[in-house]
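Working notes, structure below.
What you are looking at is a predicted structure, and each value in this text was computed from that prediction instead of being measured. Naming: A, B, ... by sequence-line order, numbering from 1 per chain.
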Amino acid sequence: MRLLDFIVRWSPLALLAFAWELAPRLGLVDPQSLPPLSVVLAALAKLAADGDLLTNGLQSLWRLVAGLGLAILVGVPLGAMMASSRIVNIIAAPIARALYPMPKSALIPVLLLWLGLGNASKIMLIFLGCLLPVLMSAYNGVRGVDRVMLWSARSFGRSRLDVIFGVAIPAAMPDLLSGIRSALALSFVLLVSSEFLMARDGLGYLISFLGDGGAYAPMFATVIVVASLGFIADRLFLGITRRMLAWRG
Amino acid sequence: MSQIVFDRVRHGYRVAGKPEMLALSDISLSVEQGEFVSLLGPSGCGKSTLLYLLGGFVPIQSGQILMEGRKVTGPGPDRGVVFQNFALFPWKTVKQNIAYGLERQAMPAAQKVEIVQSFIDMVHLRGFEDSFPSQLSGGMRQRVAIARTLAVKPRVLLMDEPFGALDAQTREIMHEELLGIMRRTPMTTIFVTHDVREAVYLSDRVAVMSSRPGRIKEVVTIDLPDRTGPAVMKSAKASDYVEYLWSQVKSDAAHAVETVR
């Protein structure tokens with residue numbers, strides 16, 4: 001029964017794959033602009049065997065992890081401090097509010113100018129893009145923590161800072177994790193689009209390089225890889241979330 | 001000198017565009033070492049606010065509160081607090097919750113483990129050490145909160161309607177538990193409640209409060225024989241106390257309803 005469930009649940013995806021294979025073969029679409037799935041998969045195998053996928057993939061993953069990791073490292077404490085301290089809030093809130101709606105991809109040319117084609121420009125872009133969603137979720141999460149819980153912690157003689165990190169942030173974890181999840185999705189968008197425009201390696205670079213050279217089958221193969229990585233990362237993150245929030249019962 | 005002294009404490013709330021509302025007006029009260037004193041009154045009389053002021057959670061606007069001769073300026077481990085909604089840390093297990101207050105104390109880890117276990121035993125939660133609060137009943141959660149507070153050996157215990165969120169039967173069981181704990185380890189306790197019977201059953205003295213503005217109307221000394229079971233509440237003396245206190249609270253509650261209308 002579980003197998004049947006599995007088949008039923010994923011059958012729309014299988015149908016899509018089937019349509020992808022048939023449409024170019026039946027001449028419904030130009031096989032040049034959409035090669036059949038089997039051709040794309042063959043190209044994928046070749047890219048993997050050549051090692052192009054691994055080197056570019058690792059490069060991209062490193063940028064993603066570094067950028068998102070930095071955003072969490074800075075955004076969580078800063079958001080929590082904003083929620084707990086009037087002074088920090090007065091200083092930081094107007095800046096956060098003004099930058100929040102700004103499309104971070106607009107910074108790509110600036111970062112290229114300042115940081116060049118290396119890792120730093122991509123990591124910085126992902127960091128800046130993810131910082132605000134993470135910071136906002138920490139801010140809102142900590143603001144929503146029951147003040148009596150914080151009082152209770154204070155009455156055990158703990159300092160304000162100790163209560164923020166030891167009680168307020170763990171208590172805000174459900175909000176925080178959902179904020180980090182949307183930042184994770186955003187980090188893929190920023191990664192690939194920045195690699196299109198300012199890189200000499202990485203999966204985004206590989207996609208644009210192959211596309212510019214008219215190698216459409218391997219280009220589609222790389223797109224599939226990026227999509228799969230995004231999907232796997234989200235699933236992994238959901239698994240971690242479930243584990244971390246097991247206490248909710 | 002008394003262990004706790006409220007000295008002409010006054011507290012107002014300000015809502016934008018409205019005149020200041022006086023929540024507490026000139027509260028003076030002294031509590032001796034080892035006494036169990038209830039603050040009894042209808043909701044809105046400021047009894048919880050008074051407790052929060054003593055706890056150091058809310059800044060004192062006027063007057064002063066002395067704890068063993070020192071002015072209260074903020075929260076501290078000398079005043080252990082138990083809240084109505086338990087205020088447990090939901091991501092920590094029973095054991096970890098009770099250990100929270102000991103974490104920063106300088107003592108060997110083995111000794112901390114021993115203390116935590118002894119308090120788990122005291123509140124009869126053996127077997128639930130590794131449960132999360134979400135897996136416990138309301139009564140069990142409040143036992144964890146009480147154990148967590150007592151584990152750091154506070155000088156006084158502040159309880160804010162600790163059994164108000166529990167059903168009637170659980171509440172009675174918790175009364176016995178609390179009296180048992182008090183017999184074994186006597187401790188000065190300030191107990192906020194709106195339940196007249198509860199106040200009579202547990203207290204040495206009951207401070208009756210009235211609302212708008214909150215003030216202490218009368219302090220009644222409860223002189224009941226040894227409280228070893230709920231049977232004492234069936235005595236004529238206990239009934240008299242309940243009836244008298246109820247009439248005092250009721251007149252004020254009725255008045256409060258009139259004012260709201």
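- Taking CZ from A/Arg235 and CD1 from A/Ile240, the interatomic distance works out to 13.0 Å, rounded to the nearest 0.5 Å.
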May I have a list of the donor-acceptor pairs under 3.5 Å that connect chain A with chain B?
| from | atom 1 | to | atom 2 | distance (Å) |
| --- | --- | --- | --- | --- |
| A/Ser152 | OG | B/Arg148 | NH2 | 2.8 |
| A/Arg158 | NH1 | B/Tyr100 | OH | 3.4 |
| A/Arg158 | NH2 | B/Tyr100 | O | 2.9 |
| A/Arg158 | NH2 | B/Glu103 | OE1 | 2.9 |
| A/Asp162 | OD1 | B/Arg104 | NH2 | 2.9 |
| A/Asp162 | OD2 | B/Arg104 | NE | 3.0 |
| A/Asp162 | OD2 | B/Arg104 | NH2 | 2.9 |
| A/Trp247 | O | B/Ser134 | OG | 2.8 |

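- B/Phe191 CZ to B/Leu157 CG: the interatomic distance, rounded to the nearest 0.5 Å, is 9.5 Å.
- In this structure, A/Lys122 contributes its side chain and A/Leu190 its backbone to no donor-acceptor pair below 3.5 Å.
- Put simply, the side chain of A/Ile126 reaches to within 4.5 Å of the side chain of A/Leu191, judged on heavy atoms.
- In this structure, A/Asp201 CG and A/Leu58 CG are separated by 11.0 Å, a value rounded to the nearest 0.5 Å.
- Among the residues in residues 62-78 of chain A, none has a non-hydrogen atom closer than 4.5 angstrom to a non-hydrogen atom of chain B.
- Using a 4.5 Å cut-off between heavy atoms, B/Phe83 contacts chain A through its side chain alone, with no backbone atom that close.
- Atoms CZ and CG, from B/Phe163 and B/Leu202 in turn, are 7.0 Å apart once rounded to the nearest 0.5 Å.
- Between B/Pro75 and B/Phe57, some side-chain heavy-atom pair lies under the 4.5 Å cut-off.
- Annotation: the span from A/Arg181 atom CZ to A/Leu176 atom CG amounts to 14.5 Å, rounded to 0.5 Å.
- Rounded to the nearest 0.5 Å, atoms OG1 (A/Thr222) and CG (A/Asn56) are 8.0 Å apart.
- Looking at B/Leu158, neither its backbone nor its side chain comes within 4.5 Å of chain A, counting heavy atoms on both sides.
- Using a distance-only test at 3.5 Å, with no hydrogens or angles considered, no donor-acceptor pair links the side chain of A/Ser121 to the main chain of A/Leu111.
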